[in-house]
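First comes the structure, then the notes that go with it.
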Amino acid sequence: MATLFIDPGSLSRELLLEKPEVTSDEAGELVENWVEIASIWAQIEPMGSGLRMLGDQDMPEVTHRITLRMRRDIGTAMRLRKGLRKFRIVTMHDPDDSGRYLVCRAREEL
């Protein structure tokens with residue numbers, strides 16, 4: 001596979017990598033909190049928007065391609081955040097199997 005050229009200067013957006021942490025409150029109810037793991041530099045590219053079915057409702061959906069330097073500790077249960085914008089990681093892959101970059105497809109939480 002040919003090595004993909006990604007301009008490191010294009011990784012110009014600072015994002016926070018977060019993972020969910022489930023705890024219980026005083027009433028014993030499970031509560032999901034997000035814990036910051038790291039600050040990373042990435043490129044965010046809009047991919048598309050549309051509607052997806054959630055139960056009986058059409059929900060708006062906006063997807064993005066987020067490119068960052070390779071990290072082995074990222075999973076699909078995590079999200080990336082930029083200010084108030086939250087990007088749930090849907091898929092991820094090494095675009096050229098070089099171990100240099102990671103490309104995530106993410107759904108913005110609206």
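Contact detail for Pro20 and Ala77: the closest heavy-atom pair is CD-O, 3.3 Å. Closest approach of Ser49 and Val62 over heavy atoms only: CB-CG2, 4.1 Å.
Annotation: the span from Arg85 atom CZ to Arg13 atom CZ amounts to 9.5 Å, rounded to 0.5 Å. Atom CZ of Arg69 is separated from atom CD1 of Ile6 by 9.5 Å, given to the nearest 0.5 angstrom. Taking CG of Leu80 as the start and CG of Leu15 as the end, the distance is 5.5 Å to the nearest 0.5 Å. We find the CE-CG distance between Met70 and Asp73 to be 11.0 Å, quoted to the nearest 0.5 Å. Between the CZ atom of Arg107 and the OG1 atom of Thr91 there is a distance of 10.0 Å, given to the nearest 0.5 Å. Here NZ of Lys19 is found 13.5 Å from CD1 of Ile89. Values are rounded to the nearest 0.5 Å.
Grouping the Ile, Leu, Val, Met, Phe, Trp and Tyr side chains by contacts below 4.5 angstrom, directly or via other members, places Tyr101 apart from Ile66.
Under the side-chain contact (heavy atoms from CB on, under 4.5 Å) criterion, Asp56 pairs with no residue at all, not counting sequence neighbours. Taking Leu84 as the reference, nothing meets the side-chain contact (heavy atoms from CB on, under 4.5 Å) condition, with sequence neighbours excluded. Listed by chain and residue number, Glu109 satisfy the side-chain hydrogen bond (donor to acceptor under 3.5 Å, both in side chains) test with Arg88 (two or more places apart in sequence, or in another chain). Here Val31 pairs with Thr23, Asp25, Asn33 under the side-chain contact (heavy atoms from CB on, under 4.5 Å) rule; sequence neighbours left out.
Looking at Ile74 and Leu68, their side chains come closer than 4.5 Å, going by heavy atoms from C-beta outward.
For Gln57, the CD atom is loosely surrounded, since the number of other residues' heavy atoms within 6.0 Å does not exceed 12.
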Intermediate values then yes/no, side-chain contact (heavy atoms from CB on, under 4.5 Å), Arg71 and Leu17: CA-CA 11 Å; Arg71 290 183 63 107; Leu17 176 63; 3.9 Å; yes

Please report the C-alpha distance between Phe87 and Arg79 in whole Å, then the side-chain angles of each, then the deciding distance to 0.1 Å, and finally whether the side-chain contact (heavy atoms from CB on, under 4.5 Å) criterion is met. CA-CA 5 Å; Phe87 305 94; Arg79 73 180 185 190; 5.8 Å; no

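The hydrophobic cluster around Val103 extends to none of the other residues, as no ILVMFWY side-chain heavy atom falls under 4.5 Å of it.
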Per-pair distances, 0.1 Å, donor-acceptor, side chain in residues 34-48, under 3.5 Å, sequence neighbours excluded:
residue : atom : partner : partner atom : Å
Ser39   : OG   : Glu14   : OE2          : 2.6
Glu45   : OE2  : Arg65   : NE           : 3.2

